[in-house]
Amino acid sequence: MRRRHTILKQGQKPCFFTVNFFEGSAEEQEILKNHSKWGAELLRILGLNEFSVIALLHHQDTSDLPLSVQIVTVADKFEAMTSLWRQYKKPVFHKEAIDELWNMGIFKPTVIEALTVARAEFSIEKKV
């Protein structure tokens, strides 16, 4: 299964394409690698500078990220680890993803705890 991505380039119409990162052209791979920078630039152009920083830094793996960036980074990593739509790797169980986030040792405990609480509140449990 291929993933769909919408890329907004300044001064161009949105480009909607479906691509597997590992099979895409060099240009498509470059677009995907730079989505954080382009998202940040788009937000800056729209006057949303405080969100621009979040978009720019959310793929950084350092412990000194601002709280707002850590929240988005944890959510993004959790989704990437548990997603059924990532064709290049199998998803892990939610508990494994949470454990991996703890093991990374770079996030404030309250951020991971908040994700754990939110996940539990919004999970749909199967009744047996």
Side-chain angles (χ1 to χ4, degrees):
M1 177 180 293
R2 292 175 176 250
R3 297 181 60 205
R4 294 181 179 190
H5 295 274
T6 303
I7 307 300
L8 298 174
K9 291 185 180 179
Q10 184 178 356
Q12 294 183 2
K13 291 183 178 180
C15 171
F16 184 74
F17 62 95
T18 302
V19 63
N20 174 338
F21 182 79
F22 296 103
E23 295 174 6
S25 69
E27 179 185 15
E28 290 169 332
Q29 289 183 22
E30 194 64 25
I31 289 169
L32 294 175
K33 284 194 300 189
N34 287 302
H35 80 276
S36 295
K37 292 176 192 171
W38 292 346
E41 180 63 14
L42 176 63
L43 290 165
R44 190 191 62 72
I45 290 167
L46 294 173
L48 301 169
N49 293 337
E50 64 275 15
F51 300 108
S52 177
V53 172
I54 296 170
L56 183 62
L57 298 177
H58 82 278
H59 281 289
Q60 303 297 314
D61 286 339
T62 63
S63 61
D64 60 346
L65 294 172
L67 179 61
S68 57
V69 177
Q70 285 199 20
I71 292 167
V72 172
T73 302
V74 164
D76 186 59
K77 288 185 178 302
F78 180 81
E79 190 282 329
M81 287 186 267
T82 61
S83 175
L84 298 173
W85 308 110
R86 308 274 174 151
Q87 69 278 2
Y88 52 87
K89 67 173 214 52
K90 291 183 179 181
V92 300
F93 290 107
H94 290 179
K95 183 182 180 330
E96 292 174 82
I98 296 289
D99 290 345
E100 178 62 27
L101 291 168
W102 282 113
N103 291 337
M104 292 177 79
I106 60 174
F107 302 112
K108 290 182 169 86
T110 53
V111 175
I112 300 173
E113 290 165 3
L115 173 65
T116 304
V117 169
R119 192 201 66 76
E121 285 186 24
F122 294 109
S123 289
I124 301 172
E125 294 185 28
K126 293 181 181 179
K127 304 282 183 183
V128 181

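To the nearest 0.5 Å, the span separating CG on Asp61 from CE on Met104 amounts to 4.0 Å. Here Ile112 contributes atom CD1 and Glu100 contributes atom CD; the two are 10.0 Å apart, rounded to the nearest 0.5 Å. Note that NE2 of His94 and OG1 of Thr116 are 11.5 Å apart. Values are rounded to the nearest 0.5 Å. Interatomic distance, CG of Leu67 versus OG1 of Thr110, reported as 6.0 Å (0.5 Å rounding). The structure places CD of Gln70 at 11.5 Å from CD1 of Ile54, a figure rounded to the nearest 0.5 Å. Rounded to the nearest 0.5 angstrom, Glu41 CD and Leu56 CG are separated by 10.0 Å.
Among the candidates Thr73, Val92, Leu115, the single residue satisfying the side chain to side chain contact (heavy atoms under 4.5 Å, CB included) test with Phe78 is Leu115.
Val69 is listed as a side-chain neighbour of Pro66, based on a closest heavy-atom distance under 4.5 Å. Within the 4.5 Å cutoff, side-chain heavy atoms of Ser36 are placed close to those of His58.
Two different hydrophobic clusters hold Val53 and Ile106 under the rule that ILVMFWY side chains link at heavy-atom gaps under 4.5 Å. In the hydrophobic clustering of ILVMFWY residues, with side-chain heavy atoms under 4.5 Å counting as a link, Leu57 and Ile71 come out apart.
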Query raised in the report: Between His59 and His35, is a side chain to side chain contact (heavy atoms under 4.5 Å, CB included) present by the stated rule, with each step listed?
Result: CA-CA 10 Å; His59 281 289; His35 80 276; 3.3 Å; yes
Requested in this report: Take Trp102 and Glu113 through the test side chain to side chain contact (heavy atoms under 4.5 Å, CB included) and record every step on the way to the result.
Outcome: CA-CA 10 Å; Trp102 282 113; Glu113 290 165 3; 4.0 Å; yes
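Put simply, the side chain of Asp76 never gets that close to the backbone of Val72: no donor and acceptor are under 3.5 Å apart. Under a 3.5 Å cut-off, the side chain of Gln60 and the backbone N or O of Leu65 do not form any donor-acceptor pair. Between the side chain of Glu96 and the backbone N or O of Phe93, at least one donor-acceptor pair lies under 3.5 Å.
Of all heavy-atom pairs spanning Pro91 and Leu84, the tightest one is CG-CD2, 3.6 Å. Nearest heavy-atom pair across Leu43 and Phe51 is CD1-O, 3.6 Å. The shortest non-hydrogen separation linking Ala55 to Gly39 is CB-C, 4.2 Å. When all heavy atoms are compared, the tightest approach of Ser52 to Ala40 is OG-O, 2.8 Å.
Atom NZ of Lys108 is surrounded by more than 12 heavy atoms from other residues, nucleotides or ligands within 6.0 Å.
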